[in-house]
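A quick write-up on the structure given underneath.
Keep in mind that the numbers below use all heavy atoms, side chains included, and drop hydrogens, waters and symmetry copies. Lettering follows sequence order; numbering is per chain, from 1.
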Amino acid sequence: MPSRRGFLAGLLAAGMAPAASWADLGTPALLSAGKTNDGRYVLAGLTGAGGILFTREIPARGHAAAAHPSRPEAVAFARRPGRFADVIDCRSGAPLARLTPPSDHHFYGHGVFTPDGLLLMTTENDYEAGRGVIGLWDASAGYRRIGSFSSGGVGPHDMMLREDGMGVVIANGGIETHPDSGRAKLNIPTMRPNLSYLGFDGSLTEQVELVPELRKNSIRHLAMHADGTVAFAMQWQGDLGAVVPIVGLHQTGSAPRLMGEDDPRLRNLSGYGGSIAFSKDGMQVAVSSPRGGLVQVMDTGSGTITAEHWLKDVCGLTQGANGLIASSGTGQIVQMGKDGITALAHTPIAWDNHLIRLA
Amino acid sequence: MTRPILSHILVTAFSATLALAPAALRADMVDIAIDSHILPGFHRLADRSRVLSETANRDCDANSVDLRAAYGTAFDAWVRVSHLRFGPTETDNRAFALAFWPDSRGKTPKALNALIRKNDPIIDDPEAYTAVSIAARGFYALEFLLFDAPLQQAGTDTYRCALTRTIARDIAATSAAIDKDWSERFAEEMRQPGARYQSEAEIRQELFKALDTGLQILVDMRLGRPLGTYDKPRPKRAEAYRSGRSLRHVVLSLEALADLAMILSADTPDLGDDLAKAFATVRAHAERLEDPVFAGVAAPGPRLRIEALQQDIRNLREEIGLTLGPALGVGVGFNALDGD
């Protein structure tokens, strides 16, 4: 891993174009938060082969990140119940802005830019009210807070742009927490997770809930296929002995489809989906489970489990050029395909939950 | 502390017979956990809850000394097993039906007031009562009826009496169902890998997780909720403060968790000794608070001592994660730890 100073010197030597773009960085393909082996929390940019292009220190443990669609800016979100999101210029290393949520709000660790790059949207907990909200920040004016609207549920976690360009889809995990009680879950017996489709103005266009028996399955993470199909990964809050689906697919206007139903191998996931990703052609969807120490691949057509790839503490997962790319808390970056697992890089960084793919 | 010695003797005795016995006949820490910790705990809960229901049938007056004593004894029995949240307690939301806490939105008094206001006849049918809001069931709901002055002014004496009996009967039925499931089915499913657990490591993981989660609930909920923040302490969030049981629950829970920790460390006696000392110290600190409802969270001096207790338990949990987890072969990773 290059030192920060060495990296900056390299950048300066390479010269900086006035109109900065992601290409100036040697085009990172992936972003991930992590913890270095000397205990610092960072946001890192990686090549598609798992090489570290840059690391930027952040104040505490990160979670996910959002990349600006055109400018070489990334927003590193604090892990919940986080009180910061740092906008970093990945070209100069300069902190561009620190987003602090309104008092009585905290971040959940995810957010997205609108396609025009003008607005950043963040999932937040309005914790005195026990209400999920989407925070709005003006990315064209120094990330000024300009408003918020309801997320359509409690405990919004991941969010993605809708493929139709009409708004966002939100995973409302359904779990109420309050920073006074740490990360303790306060409403498990009454939780009601949902998937909410919202317009950019906050109008609710569609909302999906699972059957009552699955209300303790917290809908947390999302992936989007080019045809608009949303894949969601869940985290089961009920008894671990139960064989419950962890992955579902949804297309607007139809009922959700659950993957791998009644397959005993679902138990290998330990009731916990960490990250979720589609294959490029959308024929497969994969989910990681750090608790189970594996990635399960499912056929989106038949809903059957087609492969299992075992990797200790695996969590980050995204689509790569030649298959799935996964990262682990032990510093591994691997590729997973038909031939099993291929190691790409072993880094001195414990990779946090998500690998964010840059378009 | 007799437990480590007893466990050790049991382990040694059974190990000695193991060589002669068929492979299926074995006693290890899992069996000891089931036979000396889990089954007696749920059996005691079922028994004390039955007595609570019988007592309520005889005397439903909220101020009845007998009823309050039976309530306290049954609630104690629940707290002692409240860390064992897997299997039979999770079927049909049974644990939540016994213990709807924390109640961050005040659902319990709302649900009880709604029943009382409407004189809702649903309380006459035990089966139907299981369909009411889960917030109107269990020990925390009964606490309102027995100890909350505003609720005791609501509706008629007759209705509140019937409601008290219904909740007590429901607690007894739920506790009996958990006890029955454990002794008739689940204990055997847990003794060795099979349909329910795929490996012995999974079984040990379940027990370790119960210990870890129990400590976390002490830190985050039983102490964390009343502590709130320095600027905004929350004494009214203390668990079961109406009946003056907040500190008692911390002590009971520490006792139960120490018992489980001793069983799980039986194969590593040095570690067991360290943990026994650590639990004893923490428990002494808890008892020394002499503040049954954590009223001290709002006063700088006493608050410091409650925070120190919370930190003690946090340290103990960390120590257990770093030592006992690996000793049991159930380490947890950077991402696997508590998830997001």
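Residue Ala64(A): no heavy atom, backbone or side chain, is found under 4.5 Å from chain B. If you measure heavy-atom distances from Glu213(A) to chain B, you find no contacts under 4.5 Å at all. For a residue to count as touching a neighbouring chain, one of its non-hydrogen atoms must lie under 4.5 Å from one of that chain's; by this rule Thr190(A) touches chain B with the side chain only. Only the side chain of Glu202(B) comes within contact range of chain A, with heavy atoms under 4.5 Å apart. Heavy atoms of Asn187(A) lying under 4.5 Å from chain B are absent altogether. For a residue to count as touching a neighbouring chain, one of its non-hydrogen atoms must lie under 4.5 Å from one of that chain's; by this rule Lys216(A) touches chain B with the side chain only. Within the 4.5 angstrom heavy-atom criterion, no atom of Ala97(B) approaches chain A.
Remark: Met160(A) CE to Leu222(A) CG distance equals 6.5 Å, nearest 0.5 Å.
Judged by a 6.0 Å distance limit and a 45° cone about the ring axis, Arg291(A) is positioned over the six-membered ring of Tyr272(A).
Heavy-atom pairs under 4.5 Å with chain A were tallied for Ile134(B), Leu223(B), Asn93(B); the largest tally goes to Asn93(B). Chain B forms more heavy-atom pairs under 4.5 Å with one residue of Gly182(A), Ser181(A), Gly109(A), Gly173(A) than with any other, namely Ser181(A). The greatest number of non-hydrogen atom pairs below 4.5 Å with chain B, out of Pro189(A), Pro290(A), Ser289(A), is found for Pro189(A). Among the candidates Arg85(B), Arg105(B), Arg225(B), Arg196(B), the residue making the largest number of heavy-atom pairs closer than 4.5 Å to chain A is Arg105(B).
For His63(A) and His157(A), the distance between ring centers is under 6.0 angstrom. Aromatic pair Phe86(B)/Trp182(B): centroids less than 6.0 angstrom apart. Between Phe75(B) and Phe139(B), the ring centre distance stays below 6.0 Å.
Atom CD of Glu128(A) sits in a crowded spot, with more than 12 heavy atoms from other residues, nucleotides or ligands closer than 6.0 Å.
Residues His110(A) and Thr123(A) have side chains that never bring a donor and an acceptor to within less than 3.5 angstrom of each other.
Taking each heavy atom of Gln235(A) and Gln237(A) in turn, the nearest pair found is O-NE2, 3.3 Å.
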